[in-house]
Engineer: 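Handing you this structure, nothing more for now.
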Amino acid sequence: MPSPLNVPQREAIRYLDGPLLVLAGAGSGKTRVITEKIAYLIESCGLDACHIAAITFTNKAAREMRERVDKLLAGKRSAGLNVSTFHALGARILREEATALGYKPTFSILDASDCYGIVSELAGSSDKSAIRRLQAQISHWKNALLSPAQAQREAQSDAEWLAIKAYAAYVSTLQAYQAVDFDDLIALPVALFEQQPERREKWQNRLRYLLIDEYQDTNVSQYALLKQLTGARAAFTAVGDDDQAIYGWRGADVENLRGLPRDYPQLKIIKLEQNYRSTGRILQVANTLIANNEKLFEKKLWSALGHGEPITVHAYKTSELEAAAVVMKLQADRFEQRAQYRDYAVLYRGNFQARAFEQQMRDQRIPYLLSGGQSFFDKAEIKDLLAYLRLLANPDDDPAFIRAVSTPRRGVGGSTLQLLGAYAGRRHASLYAAVAEQGFAAQIQARQLDPLQKFCALLHRLQRIAACDSVATVLNELLAAIAYEDWLHQRDDRRTAQTKWSHVRDFCDWLAKKGEEESKSLLELTQSIALGGTLDRNEADIDAVRLSTLHAAKGLEFKHVFLVGLEDGVLPHRDAQADGRLEEERRLMYVGITRAQRSLHLSYAERRQQGREFIPCEPSRFIAELDREHLRFFGGKEATIADKATTSQRLASLKALLAEKR
DNA sequence: GCACTTTATGTTTTT
DNA sequence: CATAAAGTGC
């Protein structure tokens with residue numbers, strides 16, 4: 001990418017006189033502006049890399065950005081540079097300042113399912129959707145920086161009052177577990193900096209220049225943290241695009257974009273409007289779609305890359321047929337264009353849509369990468385081990401205690417745990433601490449207490465090993481002590497047990513290597529996994545088609561994009577018909593369209609399988625909003641007979657091609 | 001009271 | 001099709 005920078009890009013990189021907002025349309029080179037600005041700060045301004053923090057929204061984006069900066073700086077002088085997600089930065093602050101907040105530095109980071117478990121205990125209801133609503137509500141309060149007491153002041157109904165009571169109990173439960181959830185990673189540092197200005201100044205002095213990517217997706221607490229960290233000096237560059245705000249459901253507030261000029265009257269705004277990614281047709285279609293949304297900042301994206309191919313819109317009878325046809329078309333197109341698999345992406349609204357495409361990819365032997373879906377660390381066998389490791393780092397981590405104590409089964413069942421939990425609750429102690437208490441031993445039978453004590457003794461032993469030995473030794477001792485391989489073979493057939501065991505070995509190797517190379521402790525390793533770490537297999541080097549949700553595809557680009565499942569109820573989502581949320585769904589479609597560089601194929605199914613039955617679908621209303629002159633329809637109401645002939649011609653030529661290959 | 005087997009059930013998006 | 005709650009031997 002040695003192309004010269006354009007005028008606004010260069011201006012954005014050089015501008016250091018005050019706070020800067022870069023309004024960067026899709027494909028306008030915003031990541032390049034951030035990476036080149038980091039290099040500029042280090043090379044031309046003499047700022048030490050450790051005083052610069054770049055904040056992204058996904059771990060993947062953080063990794064990619066670090067790589068690009070390293071390349072620009074030829075590997076030198078980037079030591080200490082902080083490129084991370086908001087949450088990882090929060091975790092770093094929290095680790096250092098934990099004691100000031102009444103936490104030990106060994107706190108655990110809970111994932112969504114741990115939190116779900118805690119909320120469901122507190123809710124006293126077994127209605128799943130009610131629990132999830134409560135969980136979301138608590139998350140919203142935290143993201144809005146409302147404490148239970150503050151939320152109570154605004155309570156309107158009895159139901160709300162009950163939810164706030166659960167919220168208060170949830171907060172104290174987490175404290176007792178020495179655990180934080182994802183929202184705390186932002187909210188707790190904000191609370192700390194609010195109360196203790198000298199600590200705020202310490203961090204302000206450490207992070208002297210901030211660059212924030214995807215600024216449109218910040219929420220209230222993240223914006224508060226940004227304001228605290230940059231302080232009066234306001235040395236930051238925020239890069240964002242209001243048309244790509246797709247995290248409203250997570251508390252992201254485009255109001256933060258509007259608030260920036262208000263909070264910083266000296267704010268400089270630079271617009272990047274030249275798109276270097278897509279053909280004119282793709283951009284035109286994207287522009288007409290997004291024109292249906294209320295605009296915050298006026299901007300007009302243009303491309304110098306020529307018209308390009310028309311965009312196709314395909315209707316298929318069912319979602320299965322859609323997957324089969326799309327994968328076939330993709331394969332044929334790859335032959336015709338002599339393209340690589342990695343030039344293609346299939347994008348969809350929800351993870352559940354991936355299944356049909358995965359199946360087809362496997363059947364047709366096409367390599368694919370599934371982004372977004374459940375990661376390696378979500379596998380049950382990995383979570384089992386992770387529970388032990390979390391427990392070694394922080395014995396008060398109750399969710400980890402419950403999982404570890406019951407895997408493998410060791411004679412501790414539901415009713416014993418209930419008894420233990422009730423006792424621990426009364427004593428405001430963790431499960432682990434409660435086991436050792438005399439008061440607990442007094443109210444339980446020896447044959448129930450015994451396995452619990454043995455379990456705690458095992459933890460003690462492993463902790464002693466962890467204190468002086470390598471990560472690898474701890475893991476080996478652990479696996480031997482719980483006879484994990486035997487346990488796997490006992491519950492599953494040989495094949496599954498072997499696969500699971502190989503996952504376990506991979507995980508151990510990865511941990512040992514990480515522990516050795518980066519001299520990270522078990523605590524740091526488990527924390528970074530909780531933050532959404534990945535095995536760093538080099539995805540960029542693999543030639544494979546990418547299957548991705550629209551959310552996970554943001555920031556990526558592909559030569560050829562298939563945007564699938566464009567049915568009303570899927571995109572836009574069934575529950576997102578309200579005005580504000582419909583606009584967010586439209587932006588999601590906009591993000592999908594603007595991922596494409598050269599060709600774009602839209603498709604929908606007339607019937608979608610849901611559970612056991614097929615339900616009829618209407619094409620997404622967003623298709624009707626696109627500029628028709630750039631579209632070619634195939635199948636469905638819109639198709640002409642001539643178009644159908646083209647379809648069968650293409651299928652015939654595909655079959656010929658495939659036959660030729662064999 | 002524990003552990004394993006069956007059956008119902010249901011899917012937005014992510015740190 | 002995967003996970004989670006209810007049912008059945010021990």
Engineer: Between A:G414 and A:R574, which is nearer to the 5' end of DNA chain B once each is assigned its nearest nucleotide?
Structural biologist: A:G414
Engineer: Using a cut-off of 4.0 Å on non-hydrogen atoms, how would the nucleic acid contact of A:R409 be classed: base, sugar-phosphate, or nothing?
Structural biologist: sugar-phosphate
Engineer: Distance check needed: B:dT14 P versus A:E584 CD, whole Å only.
Structural biologist: 13 Å
Engineer: To the nearest Å, give me how far apart CG (A:L110) and C1' (B:dT15) are.
Structural biologist: 13 Å
Engineer: Please classify the nucleic acid contact of A:V412 as base, sugar-phosphate, or nothing, using heavy-atom distances under 4.0 Å.
Structural biologist: sugar-phosphate
Engineer: Under 3.5 Å, which N/O atoms of the protein pair with N/O atoms of nucleotides 4-10 of chain C?
Structural biologist:
none

Engineer: What residues form a side-chain hydrogen bond (donor to acceptor under 3.5 Å, both in side chains) with A:S319, not counting sequence neighbours?
Structural biologist: none
Engineer: Just checking, A:R250 and A:Y247: is the charged tip under 6.0 Å from the six-membered ring centre and within 45° of the axis?
Structural biologist: yes
Engineer: Rounded off to whole Å, could you give me the CZ-to-P distance for the A:F86 and B:dT14 pair?
Structural biologist: 19 Å
Engineer: Could I get the full list of salt bridge (charged side-chain N to carboxylate O under 4.0 Å, His left out) partners for A:D363, not counting sequence neighbours?
Structural biologist: none
Engineer: In whole angstrom, what separates A:D217's CG from B:dT13's P?
Structural biologist: 16 Å
Engineer: Kindly state whether the ring of A:F377 and the ring of A:W510 have centres lying under 6.0 angstrom apart.
Structural biologist: yes
Engineer: Within the structure shown, what part of the strands sits under 4.0 Å from A:R355 by heavy-atom distance: base, sugar-phosphate, or nothing?
Structural biologist: sugar-phosphate
Engineer: Side-chain N or O of A:N351 less than 4.0 angstrom from OP1 or OP2 on B:dT13?
Structural biologist: yes
Engineer: A:H573: which residues meet the ring-ring contact (aromatic ring centres under 6.0 Å, His included) condition with it, sequence neighbours left out?
Structural biologist: none
Engineer: Using a heavy-atom cut-off of 4.0 Å across all strands, would you classify A:R587 as base, sugar-phosphate, or nothing?
Structural biologist: nothing
Engineer: Could you give the side-chain donor-acceptor pairs of residues 449-457 of chain A under 3.5 Å, partners two or more places apart or in another chain?
Structural biologist:
unit_1: A:D450; atom_1: OD2; unit_2: A:K454; atom_2: NZ; d: 3.0

Engineer: Whole-Å distance between B:dT14 P and A:N219 CG?
Structural biologist: 17 Å
Engineer: Figure out the CG/C1' separation between A:D378 and B:dT14, and round it to whole Å.
Structural biologist: 11 Å
Engineer: What is the separation between atom CZ on A:R250 and atom P on B:dT14, rounded to the nearest whole Å?
Structural biologist: 9 Å
Engineer: Remember a base hit wins even if backbone is also touched, and classify A:F57 as base, sugar-phosphate or nothing at under 4.0 Å, heavy atoms.
Structural biologist: sugar-phosphate
Engineer: Would you please determine if the base of B:dT11 is stacked by A:F352, with stacking meaning a centroid separation under 5.5 angstrom and planes under 30 degrees?
Structural biologist: no
Engineer: Taking distance alone, no hydrogens or angles, what donor-acceptor pairs closer than 3.5 Å link side-chain atoms of residues 180-192 of chain A to residues at least two apart or in another chain?
Structural biologist:
unit_1: A:D181; atom_1: OD1; unit_2: A:K142; atom_2: NZ; d: 3.4
unit_1: A:D181; atom_1: OD1; unit_2: A:D183; atom_2: N; d: 3.1
unit_1: A:D181; atom_1: OD1; unit_2: A:D184; atom_2: N; d: 2.9
unit_1: A:D181; atom_1: OD2; unit_2: A:K142; atom_2: NZ; d: 2.9
unit_1: A:D181; atom_1: OD2; unit_2: A:Y170; atom_2: OH; d: 2.8
unit_1: A:D183; atom_1: OD2; unit_2: A:S139; atom_2: OG; d: 2.9
unit_1: A:D184; atom_1: OD1; unit_2: A:K142; atom_2: NZ; d: 2.8
unit_1: A:D184; atom_1: OD2; unit_2: A:K142; atom_2: NZ; d: 3.1
unit_1: A:D184; atom_1: OD2; unit_2: A:D181; atom_2: N; d: 3.1

